[in-house]
Amino acid sequence: MRSLKNEIEQRGMRIFELVEQHLESPFSKAGFHQRMMALSMRDEQLKVHLFRLVDVLPSLRTSAEVIEHLQEYLADTSDGFTPLIRAGVRLAGVVPWLSARVLRWNVSEMAHQFIAGENPRDLMKTLRKRRAQKIGFTVDLLGEAVVSEREADEYAARCLELLEILARETQGWTDPLGKNSGLFPVVNLSVKISALYSQINPADPTDAIAHLAPKLRPILRRARELGAFINFDMESYDHKNITLELFKTIFTEREFKDWPHAGIVIQAYLRDADADLRDLIEWGRARGTRFTVRLVKGAYWDYETMKSRQNGWDCPVFFQKPESDTNFEALSRLLLENESIVTAAFGSHNVRSIAHAQVFADELGIDRSRFEFQLLYGMAGPIKRALVELGYRVREYCPLGELLPGMAYLVRRLLENTSNEGFLRAKFAENVSAAELLRNPDELIKKDGAARSVACVQDRQRKNDASLDTASGDIYENSPLVNFVCKESQDKMRSALREVRSRFGEKYPLVIGGEKVWTDQLTPSVNPSAPTEIVGYAAKAGIPEAERAVKAARAAFRKWSRTPFEERARLVERAAEILERRRFELSALEVFEVAKAWSEADADIREAIDFCRFYAQQMRRLGRPKLTQQVPGEESYHHYWPRGVAFVVAPWNFPIAILCGMTSAALVTGNTVIMKPSEQSIICGAMLMQVFEEAGVPPGVLNFLSGHGSVIGAHLVDHKDVDLIAFTGSREVGLKIWESAGVTRPGQRELKRVVCEMGGKNAMIVDSDADLDEAIGYSIYSAFGYQGQKCSALSRLILLEENHDRVLERLIPAAASLRVGDPEEPGIMVGPVIDESAYRRILDYIEIGKSEATLAYQAKEVPPHGYFVPPTIFTEVKPDMRIAREEIFGPVLSILKARDLDEALEVANGTDYALTGGFFSRSPANIERVKAQLEAGNVYINRSCTGAIVGRHPFGGFKMSGGGTKAGGEDYLLHFLLPRVVTENITRHGLAPERGSLQRPPLAQ
Ligand SMILES: Cc1cc2nc3c(=O)[nH]c(=O)nc-3n(C[C@H](O)[C@H](O)[C@H](O)COP(=O)(O)OP(=O)(O)OC[C@H]3O[C@@H](n4cnc5c(N)ncnc54)[C@H](O)[C@@H]3O)c2cc1C
């Protein structure tokens, strides 16, 4: 008996022989597309430029715009830049209208390579041709990125309409194989789940299913009546569990339980794929009706690896291509072994993967007509023909729609075709031998452990090998975010919420000099979603307690300032470990005390952890004295002393992160601290105190006072024995502190240092060529995430005139789709504002807005109890209006119109603030301009303007946004330190030793 290995090789060779007979490039159309692919494969940098140009092109309206982009993208490309393109760019300068048309035509032709039709009529022409070639179809409606429920409803309606057309136009079509046709309806529609509901949140599968199921039922019902088949495509990993759960839920319902014409995709590049497929098979058996699985490798590899690396998550995909191939083969076997309940559809262009499935099916005696091969439209034509000739069932995946909404699909295909690792490139562009292409992928897996996680290992190596001269952010590895895609994380959060709720009403003391101090007054802290619920009480400090705290901190300073920095660094690192251990509990507390959504609360705790670890690392860098210059006979060392007693005053909007950031910076640098949380987040403050106590902070080194800012805050700012004030909060209070700290009081030792971070009136500009899917999604998140209560939040969206109406048309329905509610529920985007006075102030601003500008949108339904302000959008806002100048700190967005980028920049820069700002554009020249000219401490291009990460995005602004400090940046600790230089003449009567005596940093006296 010949081995399976030989069988597969033989089968593969046979397919290759047939492919050779019909050889044509798999990229069926010659010309521009082929040249572009060839260039891209030769030069990675050029590939990026070319693909970006292709991406932006359909959204450009005039020839001049096309030519500008062509020049911007390609004019400077030096490496591998071919004379052909250079000539093209030059020509474009001479005859712009002609070049623009030619370029557009070429790109649209290239898109037609992959898009089966722009409308149903064109599509039917394609499908008829394929029918003649015995190739079936599944149709995919392009336009998967929906930003609102209106768009999602349109997608659902288009699906229904398409079903009708396909059923009507294919009447009388018979099965190409004439066997087992009952398993394979002619009409087959592939549906993208994310296009049916705009508010899918991975943390909340229940909500997603509750919204998706009612939209799907009419489609499924009609498909069943028409005898059609519906397939759920699989998208990025954050939608995977929801898609699987939805599939199982809806097809277990009575109405669809016995319907066999439903299919779902399994992606073999996922480490979870085996477990998911087994689970599906088990479910299918319990259900008792056949279903179909399309097995693919997966189309989002680059995205998944990038996203997991950005967030510090375990990467869900395999790192080595042969691992995906091997898994594909294992899953093929699993599918075929369970043929009695599941119909297999193999979605691959890889002849080895295909041959393996065929041989294994033969081994099991499964007839060729009982499974199918699916391939993408416009790719691997000869392979499709070879499979038909061998008597297999072939179905083509046919995207339908226009180029603009289809761009994401097109770029995925271009990436796939030019991927270094891809089969098609190897076979058709690099002529790799058939024998090589048919090798068992398992033999190609690098077995050593390191290779299994190449990307992460590379990251870690880069960080560990970095010298002290490397950028400080780059030697720091951030703590990962909790990934709420995982059910385990959802469960942990739910149980933490229950646990924290059960402790509602507990009382927390002040901590002064290591002692718990109770006063005769307790301040309640309420849940903004349900103000009758008291999260907890904290003892309220008055002037006597403030005085005691200063004394305790002053007394502890001498010893703490002389404690080696390594010991201080270890203390804050221990605090980070405790924060990590109590992560879910503290996130849950934030949900209740300050109404943060789950992921926002988690990001806050993550930031606190990062602050501790990052500052510990920075202190080790700064703690060693540094020789200023090499000169014979003399040594000068530059080093730092702590400043003294620090008063830390934090806001409620990042109630643990900012408090912890300022406190850990002060502690690690050797200052002693009086920590005062905001009055609205005192329980979070009390918890942070517990964390530091458990970490072992010595008595008096950290003191916890909760109380009125206007009483104890003002007293401590003015106190002669307070040397440093670290403040984050409103402009009003910040400026008072700045001024007051400038006054020298009798007996004061030091000039007070103020670290002052205040608010913003942040603007984002949308360029005329911006990717609107992204611009809208990110703008909505930046403006309404955490109810607009981040100091970095977007409050002015500046639209270029020509884009204005188009953006608004999509932006307003997107805002109207937001989930407003109690953030105890996962997946809520907009919760209540912090308290009654904020509620009233924001509503007042809304009234001002109504009198100044046009109310374009206001949410109608918000929960009746709690401090819920409806998300609101004003249009026709002019730069001098109050709503365009004053910080509102709530879910209110102003839209301003600008003639061009000059005016947009002028408007963006025309406020008192300079905190964050952003720009959406695909013009390299405009991006460079905005990078250089936008007045903001943090400028974000093509992403949200919130969500700074420690070490990666050092955060802080200037003008009336702050004194120019950067929390989470390499120079932050310097504000907490006094620089010194000690110089020693090390010669003795002509004896000049190479090194002096200075070994350790001279400590503060
Ligand atoms: C009909 C059809 C329907 C499809 N539907 C979907 C769908 O719903 N969802 C979806 O995600 N994809 C879908 N795809 C795309 C598919 O997932 C693959 O991206 C594509 O087919 C390429 O795989 P291949 O076997 O043809 O080629 P090959 O060249 O053999 O494989 C390429 C694939 O290997 C994987 N890979 C590449 N580099 C690495 C690496 N370093 N480590 C690990 N793995 C790597 C990637 O998945 C990549 O796409 C579909 C494909 C077809 C043909």
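Because only heavy atoms are used, hydrogens play no part in the values below, and waters and symmetry mates are left out as well, while side chains stay in. All ligand and atom numbering here is 1-based and tracks the order in the structure.
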Novice: Considering only heavy atoms, does S348 approach ligand 1 within less than 4.0 Å through its side chain, its backbone, both, or neither?
Specialist: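 For S348, the contact with ligand 1 is made by both the backbone and the side chain.
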
Novice: Need the ligand 1 atom indices (1-based, order shown) with element for anything under 4.0 Å from a heavy-atom of Y300.
Specialist: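 Every atom of ligand 1 under 4.0 Å from some heavy atom of Y300: 11 (O).
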
Novice: Geometry only, no angles: is H349 polar-contacting ligand 1 at N/O separations under 3.5 Å?
Specialist: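 Yes, at least one N or O pair falls under 3.5 Å.
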
Novice: Can you see whether Y409 has R413 sitting over its ring - NZ or CZ less than 6.0 Å from the centre and within 45° of the normal?
Specialist: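 Yes - R413 lies over the ring of Y409, closer than 6.0 Å to its centre and within 45° of its axis.
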
Novice: Please determine whether any non-hydrogen atom of V317 lies less than 4.0 Å from an atom of ligand 1.
Specialist: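 Per 4.0 Å heavy-atom rule, V317 does not contact ligand 1.
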
Novice: With only distance considered, is E421 within less than 3.5 Å of ligand 1 through an N or O on each side?
Specialist: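 There is such a contact, yes.
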
Novice: Could you tell me whether G298 and ligand 1 have an N or O pair separated by under 3.5 Å?
Specialist: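 For ligand 1, there is an N or O atom that lies under 3.5 Å from one belonging to G298.
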
Novice: Return yes when atom CD of E282 has more than 12 non-hydrogen atoms of other residues, nucleotides or ligands closer than 6.0 Å, and no otherwise.
Specialist: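 No, the 6.0 Å shell around CD holds no more than 12 heavy atoms from other groups.
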
Novice: With atoms numbered from 1 as shown, which atoms in ligand 1 lie under 4.0 angstrom from a non-hydrogen atom of S324?
Specialist: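 With S324 as reference, the close atoms of ligand 1 come out as 43 (C), 44 (N), 45 (C).
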
Novice: Where's the contact between R294 and ligand 1, heavy-atom distance under 4.0 Å: side chain, backbone, both or neither?
Specialist: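 The side chain, only.
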
Novice: Taking atom 42 (N) of ligand 1 as the point of reference, which of E304, Q374, Q320 owns the nearest heavy atom?
Specialist: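 Closest candidate by heavy-atom distance is Q320.
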
Novice: Is ligand 1 under 4.0 Å from a heavy atom in the side chain of L375, in the backbone, in both, or in neither?
Specialist: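 The answer is the backbone.
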
Novice: What part of R395, side chain from CB on, backbone N/CA/C/O, both or neither, has a heavy atom under 4.0 Å from ligand 1?
Specialist: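 The answer is neither.
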
Novice: With atom 40 (C) of ligand 1 as the reference point, say which of K321, R413, Q267, M379 has the nearest heavy atom.
Specialist: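 Looking at heavy atoms only, K321 sits closest to atom 40 (C) of ligand 1.
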
Novice: Around atom CG of D314, are there more than 12 heavy atoms of other residues, nucleotides or ligands at under 6.0 Å?
Specialist: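 Not more than 12 within 6.0 Å, no.
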
Novice: Keeping S181 on the side-chain end and G178 on the backbone end, is there a donor-acceptor pair under 3.5 Å?
Specialist: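 It does not hold such a pair.
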
Novice: Indicate the ring-plane relationship of F373 and F371, choosing parallel, tilted or perpendicular according to the 30° and 60° boundaries.
Specialist: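 Plane angle over 60°, so perpendicular.
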
Novice: Heavy atom under 4.0 Å from ligand 1: found in F319's side chain, backbone, both, or neither?
Specialist: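 Backbone only; the side chain of F319 stays clear of ligand 1.
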
Novice: Quick check on E323 - does any of its heavy atoms sit under 4.0 Å from an atom of ligand 1?
Specialist: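 No heavy atom of E323 comes that close to ligand 1.
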
Novice: Can you tell me how far CD1 of I264 sits from CZ of R294, rounded to the nearest 0.5 angstrom?
Specialist: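 The CD1 atom of I264 is 10.5 Å from CZ of R294, to the nearest 0.5 Å.
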
Novice: Using heavy-atom distances, let me know which of R425, E416, K297 sits nearest atom 21 (O) of ligand 1.
Specialist: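 Result: the heavy atom closest to atom 21 (O) of ligand 1 is in E416.
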
Novice: Would you say L424 has any N or O atom under 3.5 Å from an N or O of ligand 1, going by distance alone?
Specialist: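 No, L424 has no N/O under 3.5 Å of an N/O on ligand 1.
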
Novice: Under 3.5 Å between some N or O of ligand 1 and some N or O of S353?
Specialist: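 By distance alone, the answer is no.
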
Novice: Let's go through H349 and F423 carefully: what are the C-alpha distance in whole Å and the side-chain angles of both, what is the deciding distance for ring pair (Phe, Tyr, Trp, His ring centres under 6.0 Å) to 0.1 Å, and is it a yes or a no?
Specialist: CA-CA 7 Å; H349 307 120; F423 177 86; 8.8 Å; no

Novice: Taking the inter-plane angle between the rings of W173 and F137 on a 0 to 90° scale, is it parallel (under 30°), tilted (30 to 60°) or perpendicular (over 60°)?
Specialist: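 Ring orientation, 0 to 90° scale: perpendicular.
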
Novice: Only heavy atoms of D233, strictly under 4.0 Å: list the atoms of ligand 1 that pass.
Specialist: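 In order of numbering, the contacting atoms are 8 (O).
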
Novice: With heavy atoms of F423 as the reference, note each atom of ligand 1 found under 4.0 Å away.
Specialist: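 Numbered from 1, ligand 1 contributes 28 (P), 29 (O), 30 (O).
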
Novice: Can you list everything that forms a side-chain hydrogen bond (donor to acceptor under 3.5 Å, both in side chains) with Y269? Sequence neighbours excluded, please.
Specialist: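 Partners of Y269 by the side-chain hydrogen bond (donor to acceptor under 3.5 Å, both in side chains) criterion come out as none, since no residue qualifies.
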
Novice: Show which atoms of ligand 1 fall inside a sub-4.0 Å distance from at least one heavy-atom site of Y397.
Specialist: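 Taking each heavy atom of Y397 in turn, ligand 1 has 1 (C), 3 (C) under 4.0 Å.
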
Novice: So, do W283 and F291 have ring centers that fall under 6.0 Å from each other?
Specialist: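 Under 6.0 Å, so yes.
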
Novice: Which atoms of ligand 1 sit under 4.0 Å from any heavy atom of F318?
Specialist: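 Listed by number with element, the hits are 42 (N), 43 (C).
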
